[in-house]
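Along the sequence shown, residues carry numbers from 1. Just the heavy atoms: all of them, side chains too, but no hydrogens, waters or symmetry mates, feed the values below.
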Amino acid sequence: MSTSAQTFGGQRHVNLGFAILIFALYVFLLVPVVTIVGASLTNGLMIEFPPQGLSLRWYEEFFARQDLVDGLLMSLRIGAITAIVTSAIAMMAALAGQALSGKLAGMFQLGMTLPLLVPELLTAVGLLFFLYKIELGKTVIGLQFGHILMSFPYAYVSITAALRQVPPSLEEASASLGATGWQTFRLVILPLVTPGLAMGAIFAFINSFDLYTISLLLKPLGGNTLPLALFDFLTYEFKPTAAAAATISIILSIAGVGLVQKLVGLQRAF
């Protein structure tokens with residue numbers, strides 16, 4: 001057997017090994033999702049898989065529980081505001097970072113992604129003390145501020161990646177034709193980075209919707225996000241209503257990605 005044939009055969013085995021590894025990884029990631037969705041449809045009284053019959057009774061119970069519905073509405077409201085505000089701030093930060101170079105650019109990017117590097121608990125405790133100092137502790141505004149801070153890096157990274165795909169020659173051509181900086185941004189840059197902007201907003205929303213530690217320490221008096229309400233529910237009850245709540249969260253995440261696909265296309269967002 002020739003050397004080239006041996007090399008080709010070895011490469012096939014390597015590719016097959018990687019394919020099996022990737023398949024196993026996808027199975028590992030999808031099994032919990034399939035399990036929780038199946039458990040939410042059970043007709044039994046406990047969270048179990050496979051389900052004992054099929055029923056939507058636990059979704060009906062979820063929407064009949066005022067504490068869970070209030071938590072869902074608060075999470076949706078805070079997540080939507082977080083997505084909008086974070087995307088706007090991240091866009092400005094990404095434009096500022098693009099104007100820097102060398103070590104300064106690296107330090108700037110590190111500062112923008114710092115919330116990802118610092119443990120969430122430490123950030124939550126620091127925010128709690130700071131918000132009490134400015135008289136916003138245990139308020140909805142304080143909670144919103146915490147969600148924006150923790151979700152900002154996800155939007156920033158997505159928008160920065162999109163900006164790097166814009167050729168500098170387009171800005172130079174726009175300026176040479178007499179366009180102002182605002183016109184160049186609005187008519188040239190913004191349409192090109194819209195997929196990254198949309199994906200950043202979706203990432204920010206999903207991250208905000210799932211935040212637990214920040215929400216636990218900063219939540220307003222008498223108010224809960226869905227993760228907190230769900231934890232309180234599981235403390236006293238272990239019914240498939242919790243699986244229904246988790247499935248609703250999964251559906252919202254999938255709907256967000258589907259919205260990006262519908263508006264700008266996932267291929268353009270990455």
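- A donor-acceptor pair is defined here as one N or O able to donate and one able to accept, closer than 3.5 Å; no such pair exists between the side chain of S75 and the backbone of T225.
- Checking Q183 against S174 by side-chain atom types alone, no donor-acceptor pair falls below 3.5 Å.
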Next item on the list: Quick one: do T82 and F209 satisfy side-chain contact (heavy atoms from CB on, under 4.5 Å)? Show the steps, please.
Entry: CA-CA 9 Å; T82 297; F209 197 87; over 6 Å; no
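- Scanning all heavy atoms of the two residues, the minimum distance from L228 to S215 falls at CD1-O, 3.5 Å.
- The two residues Q109 and Y156 come nearest to each other via the heavy atoms CA-OH, 4.0 Å.
- L177 and L187 fall into different hydrophobic clusters, defined by Ile, Leu, Val, Met, Phe, Trp and Tyr side-chain heavy atoms under 4.5 Å apart, directly or through other members.
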Next item on the list: Step by step, work out the side-chain contact (heavy atoms from CB on, under 4.5 Å) result for N224 and D70.
Entry: CA-CA 8 Å; N224 270 341; D70 288 343; over 6 Å; no
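- Through chains of ILVMFWY side-chain contacts below 4.5 Å, F145 is grouped with M74, I78, L127, L128, F130, L131, Y132, I134, L136, I141, L143, L149, M150, L211, I214, L218.
- V118 and L121 fall into different hydrophobic clusters, where Ile, Leu, Val, Met, Phe, Trp and Tyr side chains are chained together by heavy-atom contacts under 4.5 Å.
- Of the possible polar contacts, none joining the K239 side chain to the L234 backbone as a donor-acceptor pair under 3.5 Å is found.
- Shown here for G223 and K219, the closest heavy-atom pair between the two residues is O-CD, 3.5 Å.
- Between S151 and N207 the shortest heavy-atom distance is OG-ND2, 3.0 Å.
- The heavy-atom pair separating G142 from T139 by the smallest distance is N-OG1, 3.1 Å.
- Proximity of a side-chain donor or acceptor of T42 to a complementary backbone N or O of A39 within less than 3.5 Å is not detected.
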Next item on the list: Please step through side chain to side chain donor-acceptor pair (under 3.5 Å) for the pair H147 and T86, ending with a clear verdict.
Entry: CA-CA 9 Å; H147 278 240; T86 300; over 6 Å; no
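- I206 and I84 fall into different hydrophobic clusters, where Ile, Leu, Val, Met, Phe, Trp and Tyr residues are linked whenever their side-chain heavy atoms come under 4.5 Å apart, directly or through other members.
- Using modelled atom types, one side-chain atom of T113 and one backbone atom of L110 make a donor-acceptor pair closer than 3.5 Å.
- For S176 (side chain) and A173 (main-chain N/O), a donor-acceptor pair under 3.5 Å exists by modelled atom type.
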Note to self: Determine whether L192 and L170 satisfy the following criterion, side-chain contact (heavy atoms from CB on, under 4.5 Å), listing intermediate values before the conclusion.
What the structure shows: CA-CA 11 Å; L192 293 175; L170 292 180; 3.6 Å; yes
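- At a threshold of 4.5 Å between side-chain heavy atoms, the hydrophobic network of Ile, Leu, Val, Met, Phe, Trp and Tyr places L76 and F63 in one connected group.
- The structure places OG1 of T194 at 11.5 Å from CD1 of I189, a figure rounded to the nearest 0.5 Å.
- Summarising the local packing, CZ of F185 is surrounded by more than 12 heavy atoms from other residues, nucleotides or ligands at distances under 6.0 Å.
- The two atoms that bring S158 and G196 nearest to each other are OG-O, 2.8 Å, heavy atoms only.
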Next item on the list: Carefully, step by step, assess V27 and V31 under the rule side-chain contact (heavy atoms from CB on, under 4.5 Å).
Entry: CA-CA 6 Å; V27 170; V31 163; 3.8 Å; yes
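- Atom CZ of residue F18 and atom CG of residue L21 lie 7.5 Å apart, to the nearest 0.5 angstrom.
- Taking CG of L95 as the start and CD1 of I159 as the end, the distance is 8.5 Å to the nearest 0.5 Å.
- Tracing side-chain contacts under 4.5 Å through hydrophobic residues (I, L, V, M, F, W, Y), one never reaches F233 starting from Y212; they form parts of separate clusters.
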